[in-house]
Amino acid sequence: MNTLLTIAELQHRTESDLRALFRQASQALARTAAGTPERRNNLATIENIARALAHAPGARGF
């Protein structure tokens, strides 16, 4: 996953979708080199997913 997912793209996803995306982004992060644009995008995506999860209806958090 090398694309940046925005809050707007994530806000209508279900909790299970967000958790799956979080797992995928975390795995992609592990495959990136430090200081690369891909790594920055993955980190930003993970932060956005975490924010979306925090605001998801009925979300239990991590």
Side-chain angles (χ1 to χ4, degrees):
M1 172 178 292
N2 289 326
T3 59
L4 176 63
L5 296 177
T6 65
I7 294 292
E9 294 171 300
L10 297 168
Q11 66 185 359
H12 300 293
R13 301 273 187 131
T14 65
E15 183 181 356
S16 61
D17 285 345
L18 292 170
R19 290 187 181 282
L21 287 170
F22 190 90
R23 185 180 65 252
Q24 291 171 3
S26 297
Q27 291 170 345
L29 178 65
R31 293 188 299 268
T32 60
T36 62
E38 292 82 13
R39 186 171 187 85
R40 287 190 296 274
N41 283 346
N42 280 320
L43 286 168
T45 293
I46 288 170
E47 288 178 7
N48 289 342
I49 294 168
R51 285 187 185 107
L53 270 169
H55 292 94
R60 298 178 307 269
F62 286 99

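Everything numeric here is computed off the predicted structure, so don't read it as measured data.
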If you take all heavy atoms of [X] and [Y], which pair is closest and at what distance?
X: Thr32; Y: Glu38; value: CG2-CB, 4.1 Å
X: Glu9; Y: Leu5; value: OE1-CA, 3.3 Å
X: Ala44; Y: Leu4; value: CB-CD1, 3.4 Å
X: Arg39; Y: Leu29; value: NH1-O, 3.2 Å
X: Thr45; Y: Thr3; value: OG1-O, 3.4 Å
X: Ala25; Y: Ile46; value: CB-CG1, 3.6 Å

Looking at residues at least two apart in the chain, or sitting in another chain, which of them share a side chain to side chain donor-acceptor pair (under 3.5 Å) with Arg51?
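Asn48.
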Linked, directly or transitively: Ile7 and Phe22 (ILVMFWY side chains, under 4.5 Å):
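No, Ile7 does not connect to Phe22 through the hydrophobic network.
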Would you give the length of the straight line joining atom CG of Asn42 to atom CD of Gln24, rounded to the nearest 0.5 angstrom?
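If we round to the nearest 0.5 Å, Asn42:CG and Gln24:CD are 11.0 Å apart.
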Does some side-chain heavy atom of Arg40 sit less than 4.5 Å from a side-chain heavy atom of Pro37?
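SC-SC contact between Pro37 and Arg40 confirmed.
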